[in-house]
2 protein chains.
Amino acid sequence: MSELREMLEKDKIKQCPKRYILALTDTLNVISGKWKLPIIASLLHGKNRFKDLQENIEKITPRMLSKELKELEVNSIVARKVYDQTPVLIEYTLTDSGKNLIGLLDAMLDWGLAHRKEVIES
Amino acid sequence: MSELREMLEKDKIKQCPKRYILALTDTLNVISGKWKLPIIASLLHGKNRFKDLQENIEKITPRMLSKELKELEVNSIVARKVYDQTPVLIEYTLTDSGKNLIGLLDAMLDWGLAHRKEVIES
DNA sequence: ATAACTAGTATACTTTTGTATAGTAACAAT
DNA sequence: ATTGTTACTATACAAAAGTATACTAGTTAT
């Protein structure tokens with residue numbers, strides 16, 4: 001049984017441990033906002049350069065792309081690597097944690113598809 | 001293999017179908033913001049009345065609680081039922097879709113815990 | 001010298017999200 | 001008539017998130 005389900009068993013409602021709350025809010029922060037998922041999805045697709053991302057993600061401004069990439073880097077979701085060529089090549093890649101997000105994306109996709117089905121059927 | 005992983009196979013990168021994007025953004029909308037997860041978690045715990053929720057969720061104002069409950073109701077995550085007693089009893093419950101969110105919360109929890117471990121270890 | 005390429009930054013603004021504080025409505029009990 | 005109960009709403013404001021538009025810096029090619 002899942003950790004959460006166990007925690008919620010009727011006859012033994014426990015306080016939600018703080019580390020669970022931290023883990024959940026971490027996760028929410030990583031995927032929240034207008035551009036995080038498009039960026040992560042683009043990186044999963046193999047679009048790794050600033051310009052690739054800008055072209056791949058419709059209507060994102062360089063300011064937002066730069067801001068979000070920095071935040072993802074600070075949170076160890078994305079790694080930034082500079083290749084000293086000309087013109088300079090800068091490559092953004094997903095860290096292991098970043099790649100592991102695909103499991104979460106699957107869960108989101110599954111819930112979203114099931115929910116749409118539920119809502120339409122009723 | 002997961003739908004997403006399959007879609008991202010290197011030699012056959014497909015366009016992300018629009019219904020996938022819709023499903024993902026639906027899901028994100030349902031869990032985004034400061035109060036959605038606390039409210040959903042409280043409802044899973046069996047706190048079903050406005051006042052219960054207000055007491056259970058630290059520092060939420062009635063305005064926000066009301067606003068969020070309405071939005072969750074519109075999106076078929078929460079059902080509102082009025083019992084004609086005195087004083088009036090109004091009960092908020094999770095719909096099937098709402099209850100199914102627990103699987104997603106588990107995935108979020110797992111990723112969050114694993115990520116913290118990764119970051120600390122490195 | 002000018003243009004073009006990559007990878008951004010700067011400034012000002014609008015929109016969305018959330019907060020603070022007070023008040024309402026229906027009814028019952030004292 | 002006042003107080004208490006539940007379940008909210010109204011108004012004004014502050015903070016966070018996102019947008020628009022223009023500009024910079026280093027390098028190479030013409």
Checklist line | Qualifying ring-ring contact (aromatic ring centres under 6.0 Å, His included) pairs, either residue in residues 101-122 of chain A, two or more places apart | finding: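 Matches after skipping sequence neighbours: A:W111-A:H115.
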Next item on the list: Quick one: which residue pairs count as a ring-ring contact (aromatic ring centres under 6.0 Å, His included) with a foot in residues 22-79 of chain A, not counting sequence neighbours?
Entry: none
Checklist line | Residues in contact with DNA chain D, drawn from residues 26-53 of chain B - heavy-atom cutoff 4.0 Å | finding: B:R49, B:F50, B:K51
Item checked: All side-chain hydrogen bond (donor to acceptor under 3.5 Å, both in side chains) counterparts of A:E73, not counting sequence neighbours -> none
Please name all residues satisfying salt bridge (charged side-chain N to carboxylate O under 4.0 Å, His left out) with [X], sequence neighbours left out, ordered by chain then number.
X	result
A:K36	A:E71
B:D110	none
B:E55	B:K51

Margin query: Any side-chain to backbone donor/acceptor pair from A:S66 onto A:P62? Under 3.5 Å, distance only.
Written below: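 The answer is no, because no donor-acceptor pair under 3.5 Å joins these two groups.
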Margin query: Has A:S32 got a side-chain atom pairing as donor or acceptor with A:N29's backbone, closer than 3.5 angstrom?
Written below: no
Next item on the list: To the nearest 0.5 Å, tell me how far A:L4 CG sits from B:I102 CD1.
Entry: 5.5 Å
Note to self: Rounded to the nearest 0.5 Å, what separates atom CG in B:L109 from atom CG in A:L24?
What the structure shows: 5.0 Å
Item checked: Derivation and outcome, side-chain contact (heavy atoms from CB on, under 4.5 Å), residues A:I31 and B:I31 -> CA-CA 10 Å; A:I31 58 175; B:I31 58 174; 4.1 Å; yes
Checklist line | Integer-rounded Å distance: D:dT9 P and B:Q54 CD | finding: 12 Å
Heavy atoms only: give me the nearest [X]-[Y] pair and the separation to one decimal.
X	Y	answer
B:L53	B:I39	CD2-O, 4.4 Å
A:E3	B:L113	OE2-CD1, 4.0 Å
A:S42	A:N56	OG-OD1, 2.8 Å

Item checked: Close approaches to DNA chain C from residues 76-88 of chain A, in residue order (heavy atom, under 4.0 Å) -> A:R80, A:P87, A:V88
Next item on the list: Specify the residues of residues 59-73 of chain B, ordered by number, for which at least one heavy atom lies under 4.0 angstrom from an atom of DNA chain C.
Entry: B:R63, B:M64
Using a 3.5 Å cut-off and no angle test, enumerate the donor-acceptor pairs between side-chain atoms of residues 76-89 of chain B and protein atoms at least two apart in sequence or in another chain.
| from | atom 1 | to | atom 2 | distance (Å) |
| --- | --- | --- | --- | --- |
| B:R80 | NE | B:Y92 | OH | 3.3 |
| B:Y83 | OH | B:E91 | OE1 | 3.2 |

Note to self: With a strict under 4.0 Å distance from non-hydrogen atoms of chain B, what nucleotide opens and what nucleotide closes the contacted stretch of DNA chain C, reading 5' to 3'?
What the structure shows: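 Footprint of chain B along DNA chain C, 5' to 3': C:dG18 to C:dA28.
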Notebook entry, point to check: If an axis is fit to five pairs at each end of the helix from C:dA1-D:dT30 to C:dT30-D:dA1, what is the angle between the two, to the nearest 10°?
Noted result: 20°
